[in-house]
There are 2 protein chains.
Amino acid sequence: MATGKNENDTGIPLDRMIQPMLLMLILKKPTHGYELIQSFNAVHEGEIVEPGTIYRNLRRMEREGFVLSGWEASESGPARRKYDITEDGIKALQEAVLKLEKQKQQIEDFLTEYNDLPNKGGHSIEN
Amino acid sequence: MATGKNENDTGIPLDRMIQPMLLMLILKKPTHGYELIQSFNAVHEGEIVEPGTIYRNLRRMEREGFVLSGWEASESGPARRKYDITEDGIKALQEAVLKLEKQKQQIEDFLTEYNDLPNKGGHSIEN
DNA sequence: TTACCTATGTGCACTTTACACTTAAGGTTT
DNA sequence: AAACCTTAAGTGTAAAGTGCACATAGGTAA
């Protein structure tokens, strides 16, 4: 997974969640990449998502048929590529939701098991 | 991060959770790779973890100082490389727990937002 | 001998991401 | 006009993790 270079990061955030998040934002309101970057970074204050990551995910999702795009003139500034979700995109979002529910359950199971450990602080007995 | 080839898979399972799960299993009981594979696949019935993935994670974690290993003879069969967790490994496990708690919260936030959507079934209105 | 089970590992393709950089339109300041 | 800023959309490259297939080797049973 790739998580690319990751030296001074704080954690796992957004791992594999960018696509479903983008799909949900576009479903709520069709828009362009630059605004999605701002929505993204407004929600997760402090945790900046790379513009390149957003743009690449959008291009990929269009290749895969999850979104459609078209150029749109701006009142002031360069043209924007506006994205809208497709039926396949809605299905992909629904599937992602199912996966995330499973993943959440898995994390909960792990954390429960971890919290039941008696020796999670000190070292285990050497054999 | 990737998740390599992924055509007929069922989901996101174990995404980025292999290391902490291995560390927890080794903390519970120092053991070798082959047994870890079986423990792993016993817990997640149906979801098979690739042996190569387990072995590679174990070698990596030893490079990073989270575990230590030594060869151990088997009563019947080839020798086993038995792993034990280190102090650094216990710290890494604790840090992974913090990250997973964050990740769980993030997934919950996403799912809450998704469930509040009025139009998650049908298509949005075209502009 | 052949075949199987245990046990560890590698080679390669593929995906995703972070960081750095580029291109370009339009407006503002000097 | 020139320099600069903001908006907007990308690309190049390296790094990291995973799936699939394959390789290797000890031991046991037919």
Side-chain angles (χ1 to χ4, degrees), chain A residues 1-22 31-41 44 47-64 67 69-83 96 99, chain B residues 1-22 31-41 44 47-64 67 69-83 96 99:
Chain A
M1 121 197 184
T3 319
K5 294 172 194 173
N6 233 13
E7 315 220 10
N8 59 342
D9 71 346
T10 47
I12 255 183
L14 309 172
D15 206 42
R16 214 80 7 175
M17 287 187 64
I18 291 171
Q19 169 169 322
M21 279 176 158
L22 286 175
T31 183
H32 58 280
Y34 193 80
E35 193 174 51
L36 286 166
I37 292 165
Q38 297 179 326
S39 305
F40 233 95
N41 292 327
H44 320 271
E47 321 230 54
I48 301 128
V49 182
E50 288 296 315
T53 303
I54 302 284
Y55 288 121
R56 252 196 275 256
N57 268 277
L58 290 170
R59 303 311 298 126
R60 179 182 51 76
M61 289 197 293
E62 178 152 30
R63 281 202 309 277
E64 293 178 351
V67 293
S69 77
W71 289 99
E72 190 191 49
S74 172
E75 313 88 27
S76 72
R80 301 156 170 174
R81 190 192 280 275
K82 190 180 177 185
Y83 288 91
K99 288 178 188 181
Chain B
M1 161 175 140
T3 319
K5 292 175 196 171
N6 235 11
E7 315 219 10
N8 58 341
D9 71 347
T10 47
I12 260 184
L14 310 172
D15 207 42
R16 215 78 7 175
M17 287 188 65
I18 291 171
Q19 170 170 321
M21 280 176 157
L22 287 175
T31 183
H32 57 282
Y34 193 80
E35 193 174 50
L36 286 165
I37 292 165
Q38 295 179 326
S39 305
F40 233 96
N41 292 328
H44 320 271
E47 323 230 52
I48 302 128
V49 182
E50 288 296 316
T53 302
I54 302 285
Y55 288 120
R56 253 196 277 256
N57 269 277
L58 290 170
R59 303 310 297 124
R60 179 183 51 76
M61 291 197 292
E62 179 152 29
R63 281 202 309 276
E64 293 176 354
V67 291
S69 77
W71 289 98
E72 189 190 52
S74 171
E75 312 88 27
S76 72
R80 301 156 169 173
R81 190 192 280 276
K82 189 180 177 185
Y83 288 92
K99 288 179 187 179

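Throughout, protein chains are lettered first and strands after them, A, B, ... in sequence-line order, and every chain is numbered starting at 1. All values reported here derive from a predicted model rather than from experimental measurement.
- As rounded to whole Å, 15 Å separates atom C1' of dT6(C) from atom CG of N41(B).
- Within the structure, every side-chain polar atom (N or O) of R59(B) is placed at least 4.0 Å from both OP1 and OP2 of dT8(C).
- Residue side chain R56(B) reaches the base of dG11(C) through a donor-acceptor N/O pair under 3.5 Å, judged by distance alone.
- A pairwise comparison of heavy atoms in T53(A) and I18(A) identifies CG2-CD1, 3.5 Å as the closest pair.
- The CG atom of L58(B) sits 9 Å away from the P atom of dT8(C) (whole-angstrom rounding).
- Protein atom CD1 of I54(A) is 12 Å distant from nucleotide atom P of dA9(D), rounded to whole Å.
- Taking every heavy atom of both residues into account, G33(A) and Y55(A) meet most closely at CA-CE2, 3.9 Å.
- Look at T53(A) and you'll find a side-chain N or O under 4.0 angstrom from OP1 or OP2 of dA18(C).
- Listed candidates were dT18(D), dC20(D), dG9(C). Nearest to the side chain of E50(B) is dC20(D).
- Each of E64(B) and P78(A) lies near DNA chain D, and the nucleotide nearest P78(A) is the one positioned closer to the 5' end.
- The two residues S74(A) and P78(A) have their closest heavy-atom pair at CB-O, 3.5 Å.
- Put simply, CD on E75(A) is 9 Å from P on dA8(D), counting in whole angstrom units.
- When heavy atoms are screened at a 4.0 angstrom cut-off, I18(A) is found touching the sugar-phosphate backbone but no base atom.
- N57(B) contributes no side-chain N or O that, together with a main-chain N or O of L22(B), makes up a donor-acceptor pair within less than 3.5 Å.
- Contact record, Q19(B) with M61(B): CG-SD, 3.5 Å, taken as the closest heavy-atom pair.
- Note: CZ (F40(A)) to C1' (dA8(D)) measures 18 Å, nearest angstrom.
- Inter-residue side-chain proximity for T31(A) and L36(A) is flagged as met; some heavy-atom pair is nearer than 4.5 Å.
- Atom-to-atom, OH of Y83(B) to C1' of dT8(C) comes out at 8 Å; the value is rounded to the nearest Å.
- Contact annotation: Y55(B) side-chain N/O to dT8(C) OP1/OP2 distance is under 4.0 Å.
- Listed pair R60(A) / dT15(C) fails the phosphate criterion, with no side-chain N or O lying under 4.0 Å from OP1 or OP2.
- To the nearest angstrom, C1' of dG9(C) lies 13 Å from CG of N57(B).
- The side chain of R16(A) lies closest to dT16(C), out of dA24(C), dG10(D), dT16(C).
- Toward the 5′ end of DNA chain C lies the nearest nucleotide of Q19(A), the other residue of the pair Q19(A) and S76(A) mapping further downstream.
- Regarding E62(A), its CD atom lies at a distance of 14 Å from the C1' atom of dG10(D), rounded to whole Å.
- Using a 4.0 Å heavy-atom cutoff across all strands shown, I37(A) reaches no nucleic acid atom at all.
- Contact check, R80(B) against dA7(C): a side-chain N or O comes under 4.0 Å of OP1 or OP2.
- When distances run from any side-chain atom of H32(A) to the nucleotides dA9(D), dT13(D), dC20(D), the shortest one goes to dA9(D).
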